[in-house]
A.B. asks: 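Have a look at this one.
Chain naming here is simple, since letters A, B, ... match the order of the sequence lines and numbering starts at 1 in each.
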There are 2 protein chains.
Amino acid sequence: MALIKPRSRRGGGRPTISDVARKAGVGAITVSRALREPERVSEELRRQIQAAVDELGYVPDPNARALASARAEVFGVLVPSLTNNVFAEVVRGIYDSLSDSPFRIQLGNTHYSGLEEERLLQVFGSQRPAALIVAGIDQTPTSRKLLENAGCPVVQVMETGPEPVDMMVGFSHLDGGRAATEHLIEAGYRRIGFIGARMDPRSQRRLAGYRAAMEKAGLFDPRLVTTTPVLSSVPLGRELFRDALAKMPTLDGVFCNNDDIALGVLFECHRASIDVPKTIGIVGFNDLDMMQVAFPSITSIRTYRYEIGRRAVAMALAAISGDRPQERIVDLGFELKRRESTAR
Amino acid sequence: MALIKPRSRRGGGRPTISDVARKAGVGAITVSRALREPERVSEELRRQIQAAVDELGYVPDPNARALASARAEVFGVLVPSLTNNVFAEVVRGIYDSLSDSPFRIQLGNTHYSGLEEERLLQVFGSQRPAALIVAGIDQTPTSRKLLENAGCPVVQVMETGPEPVDMMVGFSHLDGGRAATEHLIEAGYRRIGFIGARMDPRSQRRLAGYRAAMEKAGLFDPRLVTTTPVLSSVPLGRELFRDALAKMPTLDGVFCNNDDIALGVLFECHRASIDVPKTIGIVGFNDLDMMQVAFPSITSIRTYRYEIGRRAVAMALAAISGDRPQERIVDLGFELKRRESTAR
DNA sequence: CAACGTCATGGTAGCGCTACCATTTTTATT
DNA sequence: AATAAAAATGGTAGCGCTACCATGACGTTG
């Protein structure tokens, strides 16, 4: 006696695939198939199985699934910041594109740290994700190797560059910085400053674009550049602008690293009764929606963050299903939005 | 012959726990223990095992772990929006608190939809998460049941209320709305409007606080309230303010649902040459850092979003490790920041 | 009508790990 | 020194699912 195994169900008593199979009077594997490749199961069984699933409230265990198939239905997403609106928009695009797919999202925050990125890539890799989406193109050699060996599609987002690990969606920050600066020059500004916080690689490239445009026009002066590694914010924009002005009182324009900084500059101009755009011209970067309602409205470089997220998912999904997109590098560009802040 | 099993390694050839065990000359279970409860393994073996782990580059498979232990090292986090700074801050607090724990984060975006929340809860539940953190207290009955049966600690964040599913960290939006409105009244404003977008339950409670204060002072008039279900933004704030003013030209103050709206109102005042705070007083909600540098600086209700995220994790972690905090409802409060926009 | 696909279904054997019990060794305790 | 108790280690048996192969029932073809 005592032949009956207690069957402790350490899993907590939720129905399993064999419960469903038993109830539907089929084999477990058929249930598995009915759920994943319905077209390979006869309509009759499919219906029976569906009924059993509904009745029991069966939900497949993703962990067991991942273990058995050596592939988790997870997209790993790595961004440097969660609060920066720019990345928040990319992430939103990714979530929206994946919301009615079976894929879950594993989001990591690198805090702009290469080391943290490596650590997270390690963690993510251990899950055998279906795809990896990472911000930027400046991975450390270790990170790059991890990405190359991830064994899944990889999309680098927010930038374009010559050597994708796999695929890429973004735009040229250098060109963006150049376009912003050229616009200020064309509008008649001459002593144009660059103000930037959190000088990550993307900001560096915008600065390079600024510098290229200024040098080409014979206007560059290193004292026009004010930067800090501190995290960007509106209050910081105000302070940096005051610094810049103290350093260079003849300043007549500023290209800001991003819109937060630009807003800080605008507020300080109000406070100090500096006329915008007459005395100072302002250009931001990213074109947050508040730029168009600011008073005066602020010229900015519009970027397509949400679209970048969507596109990245679309490309990854295509690669997963076998047909890799022919173009591995997608440049979504940007647009200069001319507004009152530079309408001299 | 052919006795040697090919051992196909469909897992892709990464080292497993038995590889480590073999190399270290111990049993697999000892490796498992050395990794999870090092104090239960002798120092010598621990060192040998660590050496083997390092040499092989072994990383445990979280899926196998979750399957075997019926518990995934995952925190499920549910927020209604990814781009709203308020939730981004909460999420950041959660990430920062969990960054050097073994727990991963599964983040879900409900888009303010109860149905979507139910769906995500279902998906999350199937993973047997270690804890669940959800925004708000207005779950549908189905969601509430799912939370109650999740079999793990649950923390509701951003609000306080009488009946937590399990634990709660937040503050009273009603009191916040009341405090903001009372401040305007004390400052001498009388025709005080309420302007709100995306009237989610939290906004509704702020409105209720506004109404309570206004009625108490005998100032309430339904025509003073301007709301819309549309998603909140700075441009929308501007528009709603224009609507409000058209409807009620004698308006002399506004309590805004949130800071985005407040900023939109401020910009419109600039544009229409309406003096702030003389002609119109403005109060925002949440106190984004730009409020203090705006010109004029904007009075707002400071809320502790980041801290809410951290606290939620701390409480969940305590519950996981067995000692549930004695206070299951934590009220982190808020603070009225008086600034120029209401300094009549 | 034999020989050969093709389709629908099922059985078996793991995926990589840990819970649950042994079993052995060491350390108190009397 | 004998015994109990605690500490350290290991073996076995799954967790819930799917890859892989096997089986049988049908056509299809020459």
A.B. asks: Side chain of A:T16 only, please: which of C:dT9, D:dC15, D:dG16 is the nearest?
C.D. replies: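 For A:T16, the side-chain atoms sit closest to D:dG16.
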A.B. asks: Side chains of B:T140 and B:S143: do they bring a donor and an acceptor to under 3.5 Å?
C.D. replies: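 Yes, B:S143 and B:T140 have a side-chain donor paired with an acceptor closer than 3.5 Å.
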A.B. asks: Heavy-atom nearest nucleotide on DNA chain D for B:V31 versus A:Y58: which residue maps closer to 5'?
C.D. replies: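 The residue mapped nearer the 5' terminus is B:V31.
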A.B. asks: For B:E43, does the CD atom have more than 12 heavy-atom neighbours from other residues, nucleotides or ligands under 6.0 Å away?
C.D. replies: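 No, not enclosed.
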A.B. asks: Between the base of C:dG10 and the side chain of A:R33, is there a donor and acceptor pair under 3.5 angstrom?
C.D. replies: yes
A.B. asks: Give the rounded distance in Å between these two atoms: CD of B:Q48 and P of D:dT9.
C.D. replies: 10 Å
A.B. asks: Looking at the side chain of B:I17, which of C:dT18, D:dC15, C:dG10 is the nearest nucleotide?
C.D. replies: C:dT18
A.B. asks: Among C:dT18, D:dC17, C:dT9, which is the nearest nucleotide to the side chain of A:A64?
C.D. replies: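 My answer, after comparing the listed nucleotides, is D:dC17.
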A.B. asks: To the nearest Å, how far apart are B:I29 CD1 and C:dA22 C1'?
C.D. replies: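 Computing the B:I29:CD1 to C:dA22:C1' distance gives 13 Å.
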A.B. asks: Rounding to an integer number of Å, can you tell me how far B:R46 CZ sits from D:dA8 P?
C.D. replies: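 Those two atoms, CZ and P, are 9 Å apart.
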A.B. asks: How many whole angstroms separate atom CG of B:N63 from atom C1' of D:dT18?
C.D. replies: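 About 14 Å, once rounded to whole Å.
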A.B. asks: Looking at every non-hydrogen atom in both residues, tell me the closest pair between A:H111 and B:D96 and how far apart they are.
C.D. replies: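 Where A:H111 meets B:D96 most closely, the heavy atoms are NE2-OD1, 2.9 Å.
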A.B. asks: Heavy atoms only, 4.0 Å cut-off, all strands: where does B:R36 land among base, sugar-phosphate and nothing?
C.D. replies: sugar-phosphate
A.B. asks: Counting only side-chain heavy atoms from C-beta out, which of C:dC17, C:dC15, C:dT9 sits nearest to B:D61?
C.D. replies: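 In terms of side-chain proximity for B:D61, the closest of C:dC17, C:dC15, C:dT9 is C:dC17.
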A.B. asks: For the pair made of CG in B:L35 and P in C:dG16, what is the distance, rounded to whole Å?
C.D. replies: 16 Å
A.B. asks: Consider the side chain of A:S42, meaning its heavy atoms from C-beta on, and name the nucleotide among C:dA8, D:dC17, C:dT18 that approaches it most closely.
C.D. replies: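 Among C:dA8, D:dC17, C:dT18, the one nearest the side chain of A:S42 is C:dA8.
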A.B. asks: To the nearest Å, give me how far apart CD (B:Q127) and P (D:dG16) are.
C.D. replies: 15 Å
A.B. asks: Please report the distance, rounded to the nearest Å, between CZ in A:R22 and P in D:dC17.
C.D. replies: 12 Å
A.B. asks: Okay, side chain of B:S97, backbone of B:G93: is any donor-acceptor separation there less than 3.5 Å?
C.D. replies: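 Yes; judged by distance alone, with no hydrogens or angles, the pair exists.
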A.B. asks: Can you tell me which nucleotide in C:dA19, D:dC17, C:dC17 comes closest to the side chain of B:S69?
C.D. replies: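 Looking only at heavy atoms from C-beta outward on B:S69, the closest nucleotide is C:dA19.
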A.B. asks: Does any donor atom in the side chain of A:E118 or A:Q139 lie under 3.5 Å from an acceptor atom in the other side chain?
C.D. replies: no
A.B. asks: Side chain of A:T30 only, heavy atoms from C-beta on: which candidate in C:dG10, D:dC17, C:dC15 is closest?
C.D. replies: C:dG10
A.B. asks: So, OP1 or OP2 of D:dT18: does either fall under 4.0 Å of a side-chain N or O from A:R65?
C.D. replies: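 Yes.
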A.B. asks: Below 3.5 Å, does any donor atom in the side chain of B:R128 face an acceptor in the base of D:dG16, or the other way round?
C.D. replies: no
A.B. asks: Calculate the interatomic distance between A:R14 atom CZ and D:dC15 atom C1'; express it in whole Å.
C.D. replies: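 In whole Å, D:dC15 C1' lies 12 Å from A:R14 CZ.
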